[in-house]
Amino acid sequence: MTGSKEFPSGVQLTQMDPEYRANPHPRLEALREQCPVMRDQTFGTFFITRYDDARGVLTDRSMWRTAARAEPEAMILQARERNEPEALKQEGGIHNIIFMENPDHARVRPPLQKALYARVSKCKADVETIVGRILDGLDTTKPVDLMEELCIPVPVMVIAHMLGIDESRYHQFREWSEGLILSLNPMRTPEQTAQYIKGALALRAFFDAEIAARRAKPHDDLINDIIEAQDHGTQLSDLEIRDNLIGFLVAGNLTTTDLIGNGIHLFLTHPEQLAKLKADPHLINAAIEEVLRFEPPVDGTIRVASRDLELQGCPIKPAQAIMSSFGATNRDPRAYANPNEFDITREAKPHLSFGGGAHICIGAPLARLEAQVVFRMLFDRFPNLRRADNDTTWKPSMFFHGLEHLRVWL
Ligand code: HEM
């Protein structure tokens, strides 16, 4: 079905739109029930909202991913390519797995994943140390904005620690990350383009220097592990190493900030769920999955059809782009009973907040670990934690869903 006056499309289905941002669910529910496969003319993509449809598309490993495979109308993908600043076009584009098709994706992702998972499996104590240090520094005499003081620093310090880069520069890493992520915004202003170029060039220069330092003298960190994988015959180019390290730093901090913030917000506004968690700490993993289902930190992800498909009777042709909306799929009543209830004891059923298939989020185990450590340590340390105001302002963003502020009394 084609988007029409009755149904919102384009930017109205992003966190840039004030009404959607305040509460996306009336719009998403209307689409899911009345137009579950909508051709969004503004972004030149199909917008899909039912759980089974999205799961099918995401886990279909024959689907494509990139602008190079998509039709010219697929603005949501093409705008990024077309607006790529000249200053960044050298070196033949970005060599990050997120923008790769097979056979490159299948060659590059496994060694990165092996190195990352090996570090994640032994970093719990380090995450606890970082979170403990941050909690020690919080001011208990006045309201504290936990977005600023906890949710932002934890993920960037953890990924910096794991990579082996200077954690104390986390403000700068965050600033560069926010610049780079503007690459995904097809509607960025000239000022934002300048911020994007600045962030991208700074990150490239920074990681070039870090890689060179390890080639001169090995360190015990994730950057070194990946360089060693290359030395031991894994087919990774130098640019692939650099751009994927940048990817780890950037993707590893922005999204996890919102998982942690959304979770604290949900527990404080659903005290009965927090009481259940405190009564049975084993519920922590289920609780994190429920936070991810209920308030997904990333709004959706894209695939490009590699063949003729039919979804809900709607034909989709090869090269047409398909956006799965996690806000909608994660609350599809066909998949979840009482989907609009935040319930950490609900029957387990995977959400789609980390995507699926070949491109499923590589950082999911790390994000889950960080959330686990923060929720446990924060709620243990501050049993009287409560909101200092009712401000639930969500950030304007093309793809991310998180709070501007989270002011609390500790
Ligand atoms: C709560 C936190 C996070 C969320 C919600 C999230 C979400 C996502 C989503 C939706 C995708 C696209 C998946 C798809 O298209 O099927 C993705 C991909 C990716 N994520 Fe995450 N992510 C999170 C944390 C992280 C962390 C901590 C890292 C790095 C350490 C990371 C690195 C990546 C990378 C490199 C990809 C591209 C994978 C590929 O294309 O093969 N993410 N993530």
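Note that ligands are numbered from 1 as they come in the structure, with each ligand's atoms numbered from 1 the same way.
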For Lys276, what residues pass the salt bridge (charged side-chain N to carboxylate O under 4.0 Å, His left out) criterion, not counting sequence neighbours?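 Counting only residues at least two positions away or on another chain, Lys276 forms a salt bridge (charged side-chain N to carboxylate O under 4.0 Å, His left out) with Asp343.
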Measuring from non-hydrogen atoms of [X] to any atom of ligand 1, is the shortest distance under 4.0 Å?
X      : value
Gly247 : no
Phe99  : no
His105 : yes
Arg368 : no
Arg303 : yes

For His270, all residues meeting side chain to side chain donor-acceptor pair (under 3.5 Å), sequence neighbours excluded: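 Result, side chain to side chain donor-acceptor pair (under 3.5 Å) vs His270: none returned.
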Between [X] and ligand 1, is there a nitrogen or oxygen pair with a distance under 3.5 Å?
X      : result
Arg65  : yes
Asn96  : no
Leu259 : no

Report the nearest protein non-hydrogen atom to [atom]: residue, atom name, distance rounded to 0.1 Å.
atom                    : answer
atom 36 (C) of ligand 1 : Ile98 CD1, 4.0 Å
atom 12 (C) of ligand 1 : Thr301 OG1, 3.7 Å
atom 13 (C) of ligand 1 : His359 O, 3.1 Å

Hey, which atoms in ligand 1 end up nearer than 4.0 Å to a heavy atom of [X]?
X      : value
Phe326 : 10 (C)
Ser353 : 5 (C), 7 (C), 10 (C)
Gly356 : 16 (O)
Arg109 : 38 (C), 39 (C), 41 (O)
Thr256 : 2 (C), 24 (C), 27 (C)

Qualifying residue, where the test is side-chain contact (heavy atoms from CB on, under 4.5 Å) with Phe354 and the options are Thr301, Leu292, Val298: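 Among the candidates, only Leu292 passes.
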When you compare the side chain of Gln312 with that of Arg50, does any pair of heavy atoms fall below 4.5 Å?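 Answer yes - side chains close enough.
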Close aromatic pair by centroid cut-off 6.0 Å: Phe206 and Trp176: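 Yes, they do, as the ring centres are separated by less than 6.0 Å.
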Below 6.0 angstrom between ring centroids: does that apply to Phe267 and Phe342?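 Under 6.0 Å, so yes.
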I'd like to know if Asp17 pairs up with Arg27 as an ion pair, taking the criterion as any Lys NZ or Arg NE/NH1/NH2 lying under 4.0 Å from an Asp or Glu carboxylate oxygen.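 Judged by the 4.0 Å cut-off on N to carboxylate O distance, Asp17 and Arg27 do form a salt bridge.
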From [X] [atom1] over to [Y] [atom2], what is the distance, rounded to the nearest 0.5 angstrom?
X      : Y      : atom1 : atom2 : value
Ile152 : Ser177 : CD1   : OG    : 11.0 Å
Glu29  : Thr49  : CD    : OG1   : 10.5 Å
Asn253 : Phe248 : CG    : CZ    : 13.5 Å

Quick check: closest heavy atoms across Pro350 and Tyr51, and the distance to 0.1 Å?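 Nearest pair, atom of Pro350 first, then Tyr51: O-OH, 2.6 Å.
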Quick one: closest heavy-atom pair of Ala371 and Leu259, and the distance?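 Of all heavy-atom pairs spanning Ala371 and Leu259, the closest is CB-CD2, 3.8 Å.
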For atom 21 (Fe) of ligand 1, what is the number of protein N, O or S atoms at a distance under 2.8 Å?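 Protein heteroatoms (N, O, S) closer than 2.8 Å to atom 21 (Fe) of ligand 1 number 1.
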Chi angles and distances behind the salt bridge (charged side-chain N to carboxylate O under 4.0 Å, His left out) call for Lys349, Asp332: CA-CA 12 Å; Lys349 166 141 195 170; Asp332 184 344; over 6 Å; no
Which residues share a ring-ring contact (aromatic ring centres under 6.0 Å, His included) with His359, sequence neighbours left out: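 Applying ring-ring contact (aromatic ring centres under 6.0 Å, His included) to His359 gives His105.
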